[in-house]
Amino acid sequence: MTASTETFQPYPAAEPNPDFPRIEEEVQRIWKENAVFQKSVDFRPLEKDGKHNEFVFYDGPPFANGLPHYGHLVTGFVKDLVPRYQTMKGRKVERRFGWDCHGLPAELQSEKELGVSGRHDILKYGIDKFNAHCQVSVLRFTQEWEYYVTRQGRWVDFQNDYKTMDISFMESVMWAFKQLWDKGLVYEGYRVVPYSWAVESPLSNFETRLDNSYRERQDPALTVRFRLDPRDGDAGALDILAWTTTPWTLPSNLALAVGPEIDYAVMRKGDDRLILATSAIGKYAKELEGYEQESTLSAEDLRGRTYEPIFPYFKGLEKAHQILVADFVTTGDGVGIVHMAPGFGEDDLAVCKAHGLPVKVPVDVAGNFTAEVSDYVGLNVIEANKPIIQDLKARGVVLRHETYLHNYPHCWRTDQPLIYKAVNSWYVEVSKFKDRMVELNQQQINWIPGHVKDGSFGNWLANARDWNISRNRFWGSPIPVWRSDDPRYPRIDVYGSIEELERDFGVKVTDLHRPAIDHLVRPNPDDPTGQSMMRRVEDVLDCWFESGSMPFAQQHYPFENKERFEAAFPADFIVEYVAQTRGWFYTLMVLSTALFDCAPFRNVICHGVVLDEDKQKLSKRLRNYPDPVEVLNNQGADALRWYLVSSPLMVGGDLAMPKDARGIAQALRQGVLPLWNAYSFFTLYANIDQVKGQIRADQKGLLDRYILAKTRELVEGIEGRMDAYDLPGAYAIITGYYDALNNWFIRRSRSRFWREAGEGDGQDKRDAYDTLYTCLVTATKALAPLLPHVTERIYTALTGEASVHLADWPDVSYLPSDHDLTSQIDLVREICASAMSLREAKKLRIRLPLRTLTIVHPDADRLKGQFDTVLGALVADEVNVKQVVVSSDISLVGTRQLAVNAAVVGPKVGPKMKEVMAASKQGKWSDKGDGTVELAGVVLEAGDFDIRIQAKEGTHAARFAGGKGVVVLDVTVDAELEAEGWARDFVRAVQSTRKDSGFQVTDRITITAQVPDNIAGALTTHAETIKRETLALSLTVNPAALPDGAVSVDLSGTSVSLVLTKA
RNA sequence: GGGCGCGUAGCUCAGGGGUUAGAGCACUCGCCUGAUAAGCGAGAGGUCGGUGGUUCGAUUCCACCCGCGCCCA
């Protein structure tokens, strides 16, 4: 390299072996130093052409009490990708980060850290101190979160983050509750709910369903006898059977239920008589051995009969211990008779209430029996199963004791089995407006994948149940309801703002958390005695209520940002994993429908779950996944983004990720490296030639126009897919472009870049540079959202601009849109591939030139001009033949074959199709000479058929373009061709040795070679070519003595010796 | 038991009423190269889960069955 080229380099040198993770870190450092993210948001106007110009994205708040995992990374990539794209399209996309702070996870973490356990302990410890601890503890991992999010290349505003425990957020939540109250959509109810005795609180119906809280559990199943009170007409003492998997509910038994359509049998053995469903007799064959069926009974025969309670605790209770008839009773499991404990079963409660039975709940908040059940008082109900079974067995009332394996819901935080228990709770009356939710979902939401809309989400909405939003806990938004403590003077006040609280209680309110909020007490205005007080109901809100409030609460709506929120609601886009159809997607939908009568988002991607290669859940304990930090540091964030976002995850499927991260390495190889290689090629030669590329598209050369048109197709292809939220589709078309760019355009154009300055007029070289430059700059823009780091490095290096992410989405209208052109070159590429396969078959290496390639194609006459000028030379060079002959005369190479276009002809001819296809296969068709053909009595017109070529036997021919064309290769090799082949082998050996010796591509050399005689002649004949190709000043063949430093190289099977020196 | 999704090459997955069903990886063989061996190409590999039905024609649509996953009872 000369001194002048070292002083001026238009571009920074591209590392030939780039360390992408290190490049990413540099890029991220520059982003931070120059506040590029902030700029990318700020410079997009809030209004454009009189319209609100925001693309609204909601970031679902994560719970920061743990480290991010692959699930968060996947979501994070999409949460970054779509906003980057929309930003380039000109939209303003704010990305506020949010933290989910309240709720059970935070409380349980604090319990662990403080060494307190349960409500009782917390009350003793002090709610104030406990909540103060939660407030700190809950943000423990925010630093780590910020590291992960930043390192994965995700642009997020951490400065203006929102926290669900902020007083502004909480006030908006209060407002929402009051709105629902005013609309009559909130009520307090006494209901049987899934209840976690471990956290001493009921859970909402979807809390039990999020993730897999159901797991297999072996429970006892008991078939027990109840003695019916005698009645006239009874043949003797009658025992009725009942089946239960919760023996601990038997002390609370208040009734039995039979099904209206079920037939019951009386089975007798001696004086022992048992009643069970006729259809269940077979299941109890063993226990019923020796019994005979005495009679049958209907549900009506049993209705209203009373029985002796199995436990004495509620004996004599009014209306209790009778047989009821209920629709829900089936004979699937058990005996067709259901034991009813209205305090512990949803159906039980409904049926018993309808019959005027009382409800008894002798179990306390922690799941232990109360004094009402004197024999088991203080015992946890699950643990009480055992002694209860023992006692019943001892009394001889157990007909069968078995174990029963079933899926049973567990508490998602403590992993303890839930129980069902009647408690007082506050509900959102979702059932009242679920039809509207179904409608809004239908009309307003675009789901990816589409089946979720009417599938899991649509069905879930259609069957929505009222939402239990109260939690009998401490760390959460308070339920803003105050109630009179004297039922004689009832009054309920619901508050929707701090201002209202301050007005009524006359104090400044600075904290809405417990216990501060609980201290707000005032006399009941409706009580003339002045004795009763208004006190807040104890409960706090389910933290899912807050997640659903996020769109307005993060803006402190309606207290602030009223216009801003209203202009920016609903969101254009959200993304989370698919289980959020029961979680965040749902709570957003509920609150948005109730408050605004509107769907909360327009487009939603719900992605699948990352699993290990055996499709098992990722587990910290098992380490069955590659460490995300190592992946980011070894393969990089772009490769990981490519890998995850182009995976089946994005169409709702699961991803089985191998532990060795090989898929990510592959993504790097296929997705990132080729782009870098093209860029590296460009800068290498541009720096040597001191050329700066220019954006232009007026090049005349076919190859140039081809790749420019391909670039346009790439940009339009990505744009179309991104607009449809088809993210994997956008990635999928990139590799084809890389192939056209690297393995066709650059490879075919290589010599144009190293041509000496004096050769030709220089315009061709200029065109080559500008073409590649234009493609690279345009393509990196289109790829920027998909590969944000590597495109940033390349784009800034090429253009000197600050960031590709501040650029507009490329306008490609100036690039050629020439389908004829791209399809012509694609045809040439096919021709070359077919010709290569012929060489392959005959084991004729490409360096060995051959005489003639004949191309036969029906459209050859139309293409002949093109072939004679450029395409023919292209093919000749690529395939290494002296001559390319183009012809449309099929008879030269074979015969014509008719290929019926069945998709077109089938509908036209119908049943005759069979004959048509048969005739076509047998070649029984005739050319009518006017562009139509006839077979089996049917005339086919243009478009109905194609003509394909069947090559003659014995020729070296291969078909291309789906059989429409044929190439024939002349495979005779004469001495002249042989010699040229040796020369090319020699050139290649020299080049390879140059590279191994560490010479620069511009270094001049001398060559000395020791070769066999037959090759020596070839080298002498082609000496000038060899020297020119290898930048050699001299070529000495077979000298008397070979200088030092000879290396042995292989020339297509012949070993020769070479000495290269720098001239 | 019900709902949703899925079953296509050794693996991971596209596709889609039409003659010869594709991609990537892995495998075998080969090849280009004055950017890239983390490159390019070729080959082999499929009864498109099964059985019926609709149709001139089904891997594709329908029904049933089998298997897997998720959700629910």
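Below, chains carry the letters A, B, ... as their sequence lines are ordered, and counting in each starts from 1.
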Rounding to the closest angstrom, what is the interatomic distance between [N] and [M] at atom [atom1]?
{"N": "A9(B)", "M": "G49(B)", "atom1": "P", "answer": "8 Å"}
{"N": "G30(B)", "M": "A35(B)", "atom1": "P", "answer": "25 Å"}
{"N": "C62(B)", "M": "C70(B)", "atom1": "P", "answer": "25 Å"}
{"N": "A58(B)", "M": "G18(B)", "atom1": "P", "answer": "11 Å"}

Is [X] close enough to [N] that one of its side-chain N or O atoms is under 4.0 Å from OP1 or OP2 there?
{"X": "R582(A)", "N": "C71(B)", "value": "no"}
{"X": "N459(A)", "N": "C4(B)", "value": "no"}
{"X": "R847(A)", "N": "C32(B)", "value": "yes"}
{"X": "Q670(A)", "N": "C25(B)", "value": "yes"}

In whole angstroms, how far is the [atom2] atom of [N] from the [atom1] atom of [X]?
{"X": "E878(A)", "N": "G41(B)", "atom1": "CD", "atom2": "C1'", "value": "11 Å"}
{"X": "D739(A)", "N": "U36(B)", "atom1": "CG", "atom2": "P", "value": "18 Å"}
{"X": "I746(A)", "N": "C32(B)", "atom1": "CD1", "atom2": "C1'", "value": "15 Å"}
{"X": "H451(A)", "N": "C71(B)", "atom1": "NE2", "atom2": "C1'", "value": "13 Å"}
{"X": "I846(A)", "N": "G39(B)", "atom1": "CD1", "atom2": "C1'", "value": "14 Å"}
{"X": "F986(A)", "N": "C32(B)", "atom1": "CZ", "atom2": "P", "value": "16 Å"}
{"X": "N677(A)", "N": "U33(B)", "atom1": "CG", "atom2": "C1'", "value": "13 Å"}
{"X": "N742(A)", "N": "G39(B)", "atom1": "CG", "atom2": "P", "value": "11 Å"}

Query raised in the report: A902(A) side chain: which of C32(B), A38(B), G18(B) is closest?
Result: G18(B)
Query raised in the report: Do R988(A) and W982(A) meet the cation-pi criteria used here (NZ or CZ under 6.0 Å from the six-membered ring centre, within 45° of the axis)?
Result: no
Query raised in the report: When the nearest nucleotide of RNA chain B is assigned to R747(A) and to L655(A) on a heavy-atom basis, which residue is associated with the more 5' position?
Result: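 Per heavy-atom nearest nucleotide, the more 5' residue is L655(A).
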Report task. Tell me which of F945(A) and R1028(A) sits closer to the 5' end of RNA chain B, going by the nucleotide each one is nearest to. Result -> F945(A)
Requested in this report: For the pair R747(A) and D739(A), evaluate salt bridge (Lys or Arg N to Asp or Glu O under 4.0 Å) and give the outcome as yes or no after the intermediate values.
Outcome: CA-CA 10 Å; R747(A) 193 167 56 78; D739(A) 191 44; over 6 Å; no
Query raised in the report: Are D638(A) and R793(A) close enough for a salt bridge, meaning some N to O gap below 4.0 Å?
Result: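 Here D638(A) does not pair with R793(A) in a salt bridge, since their nearest N and O are not under 4.0 Å apart.
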Query raised in the report: Is E15(A) paired with R22(A) through a side-chain N to carboxylate O contact shorter than 4.0 Å?
Result: yes
Under 6.0 Å between ring centres, would you say that holds for [X] and [Y]?
{"X": "Y737(A)", "Y": "W744(A)", "result": "no"}
{"X": "F945(A)", "Y": "W925(A)", "result": "no"}
{"X": "F457(A)", "Y": "Y586(A)", "result": "no"}

Query - Qualifying residue for side chain to side chain contact (heavy atoms under 4.5 Å, CB included) with Y738(A), from L673(A), N743(A), L675(A) - result: L675(A)
Requested in this report: Report the residues that fulfil side-chain contact (heavy atoms from CB on, under 4.5 Å) with S749(A), sequence neighbours left out, ordered by chain and then residue number.
Outcome: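 Per chain and number, S749(A) pairs via side-chain contact (heavy atoms from CB on, under 4.5 Å) with L703(A), F745(A), R752(A), F753(A).
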Query raised in the report: Tell me, which stems hold RNA chain B, with a stem being 3 or more Watson-Crick or G-U pairs in a row and both distances under 3.5 Å?
Result: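 The stems that RNA chain B takes part in, listed by first number, are B:1-7 with B:66-72, B:10-13 with B:22-25, B:27-31 with B:39-43, B:49-53 with B:61-65.
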Report summary line: Its contact letters, B for base, S for sugar-phosphate only and - for none at protein heavy atoms under 4.0 Å, make nucleotides 53-58 of chain B read ---B--
Query raised in the report: For Y773(A), which of F682(A), F681(A), Y685(A) qualifies under ring-ring contact (aromatic ring centres under 6.0 Å, His included)?
Result: F682(A)
